[in-house]
Number of protein chains: 2
Amino acid sequence: MTTIYIAEDQEMLNSALSAILELENDFNIVGNATDGKSALSQTTALKPDVAILDIEMPYLSGLEVAQQLRILKQDIKIVILTTFARKKYFEAAVNAQVDAYLLKDSPTDKLVETINKILDGQTIYDSNLVSSILTASKNPLTPQELKIMKEFSQGKTTQEIAESVFLSNGTVRNYISSILSKTGTHSRIEALNIAKKNNWID
Amino acid sequence: MTTIYIAEDQEMLNSALSAILELENDFNIVGNATDGKSALSQTTALKPDVAILDIEMPYLSGLEVAQQLRILKQDIKIVILTTFARKKYFEAAVNAQVDAYLLKDSPTDKLVETINKILDGQTIYDSNLVSSILTASKNPLTPQELKIMKEFSQGKTTQEIAESVFLSNGTVRNYISSILSKTGTHSRIEALNIAKKNNWID
DNA sequence: TAACTGATATGACAAATGTCATAAGAATAA
DNA sequence: TTATTCTTATGACATTTGTCATATCAGTTA
């Protein structure tokens with residue numbers, strides 16, 4: 001019998017998954033949460049064989065929960081289950097040595113199958129995810145430019161950005177000018193729209 | 001026996017709901033789709049008793065599907081199932097005379113319960129939704145201001161907006177100035193951030 | 001009716017934004 | 001070693017943006 005813990009903040013999916021996995025003869029749902037903090041404390045207490053973790057949850061993200069569980073060296077298989085095919089998320093998941101990374105854009109059969117495979121020692125990364133990351137138009141912005149973009153995405157003015165990143169006003173304007181040119185735009189808002197569409201920023 | 005059709009673009013939830021509702025003795029899932037267009041053509045063909053419609057789907061939104069079904073005067077109970085507690089969506093749903101509006105932030109039990117109630121002739125609006133709409137800080141922008149805001153959210157410049165809405169450049173600037181003052185901000189980006197947080201725009 | 005709000009407009013002004021040329025040091029790649 | 005890229009910076013310039021005062025006209029509300 002395999003014990004499973006589910007952390008998913010969307011109630012509908014959370015309860016639906018619990019019900020479905022319970023139907024499998026060899027699975028037993030031992031608990032579930034809708035936020036990361038409860039998920040972490042309960043998985044450490046209940047020690048299930050498998051934890052299914054959503055990424056975007058209140059208090060602690062599923063990725064942070066996974067990291068903690070690895071730091072605690074708990075013997076647990078981790079499945080990250082998310083809507084987002086974001087490179088950043090995927091990289092963090094790989095670093096946390098999760099056993100599977102699955103998109104919610106897969107049917108439940110796939111989840112069951114995945115759980116069985118990771119119990120077998122395999123590591124499963126959603127193939128749609130991997131290909132979508134590879135085909136994603138890659139970010140042409142330098143780290144510094146990205147940093148500046150995140151600043152102005154909050155609505156900060158050039159001067160505020162300059163102060164917050166310890167650069168001169170002119171340098172910040174140069175970076176922005178470069179961002180605009182790389183995105184083929186002529187204003188911060190347009191640049192932000194492009195960056196969001198391409199998942200360069202949230 | 002009640003026949004049910006499910007339209008939900010997130011595969012995981014779609015298949016999970018199908019499986020769960022199938023478990024109920026008196027429910028029979030007769031079809032499901034992950035986009036609005038198939039949902040509309042199949043519900044008109046299969047004539048299920050109940051259609052569960054997600055809002056945000058490719059090609060046609062669940063709300064549009066609901067509208068069409070009402071125009072066609074098909075005898076069908078409609079449940080809108082969505083993540084979003086947006087006033088606009090809710091109003092559109094009420095106008096389309098849907099039988100229930102449920103948030104994905106409710107457990108599956110609630111869905112089953114809701115389906116049974118609407119089959120009984122009741123109309124069910126998620127109580128969390130209704131209260132969240134009532135408490136939502138209401139939009140202080142006039143229709144015209146909102147229109148202008150949508151324009152600049154696309155990154156348009158004052159001049160472009162002026163041309164697209166047939167106003168003078170100065171008038172557009174006045175509107176924007178008024179928007180900034182109402183949102184307590186000093187730049188378009190800040191104003192957009194506030195508006196998004198409060199769901200005044202998408 | 002009087003007061004208010006909304007839509008529209010102009011003109012003037014200060015501040016912010018975006019563009020360019022130019023430069024220099026550091027790091028990295030060829 | 002040379003070429004390229006990244007980070008940082010300045011100065012100058014044109015344009016855009018945001019603010020204010022002011023005004024007219026049409027509705028709506030008190």
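Phosphate proximity of C:dT19 to A:Ser177: present, with a side-chain N or O under 4.0 Å from OP1 or OP2. Using a 4.0 Å cut-off, some side-chain N or O of B:His186 falls inside it from OP1 or OP2 of D:dT19. An OP1 or OP2 oxygen of C:dT10 is reached within less than 4.0 angstrom by a side-chain nitrogen or oxygen of B:Ser168. In this structure, A:Arg188 does not reach the C:dA16 phosphate: none of its side-chain N or O atoms is under 4.0 Å from OP1 or OP2. For B:Ser187, no side-chain nitrogen or oxygen approaches OP1 or OP2 of D:dT17 to under 4.0 Å. For B:Gln159 and D:dT16, the shortest distance from a side-chain N or O to OP1 or OP2 is not below 4.0 Å. Contact between the side-chain N/O atoms of B:Thr142 and the OP1/OP2 oxygens of C:dG6 is not found at any separation under 4.0 Å.
Residue B:Thr157 is classed as a sugar-phosphate contact, given heavy-atom separations below 4.0 Å to backbone atoms only.
Under a 4.0 Å N-O distance rule, the pair B:Arg188/B:Glu151 does not qualify as a salt bridge.
A residue-by-residue look at B:Arg173 and B:Pro143 shows that B:Pro143 has its nearest nucleotide of DNA chain C further toward the 5' end.
Screening A:Asn32, A:Val79, A:Ile29, A:Asn14 against A:Ile52 for a side-chain contact (heavy atoms from CB on, under 4.5 Å) leaves a single residue, A:Val79. For the ring-ring contact (aromatic ring centres under 6.0 Å, His included) test with B:Tyr101, the passing option among B:Phe90, B:Phe84, B:Tyr89 is B:Phe90; the others fail.
Going from atom CG of B:Leu180 over to atom C1' of C:dA16 covers 13 Å, rounded to whole Å. Between the CD1 atom of A:Ile176 and the P atom of D:dC6 there is a distance of 18 Å, rounded to whole Å. For the pair B:Glu151 CD and D:dT16 C1', the interatomic distance rounds to 17 Å; values are reported in whole Å. In this structure, CG of B:Asn169 is placed 9 Å from C1' of D:dT16, rounded to the nearest angstrom. For the pair B:Met149 CE and D:dG18 C1', the computed distance is 14 Å after rounding to whole Å. Look at CG on A:Leu167: it is 10 Å from P on D:dT10, rounded to the nearest Å. Rounded to whole angstrom, the span from the CD atom of A:Glu145 across to the P atom of D:dC6 amounts to 7 Å. When the P atom of C:dA26 is taken as reference, atom CD of A:Gln144 falls 17 Å away, rounded to whole Å.
With rounding to the nearest 0.5 Å, the separation of CG in B:Leu141 from CD1 in B:Ile148 is 11.0 Å.
The side chain of B:Thr171 lies closest to C:dT8, out of C:dA16, C:dT8, D:dT17.
Not a single donor-acceptor contact under 3.5 angstrom links the side-chain atoms of B:Asn174 to the base of D:dT22.
A:Thr171 and A:Ser168 share a donor-acceptor pair across their side chains, judged by distance under 3.5 Å alone.
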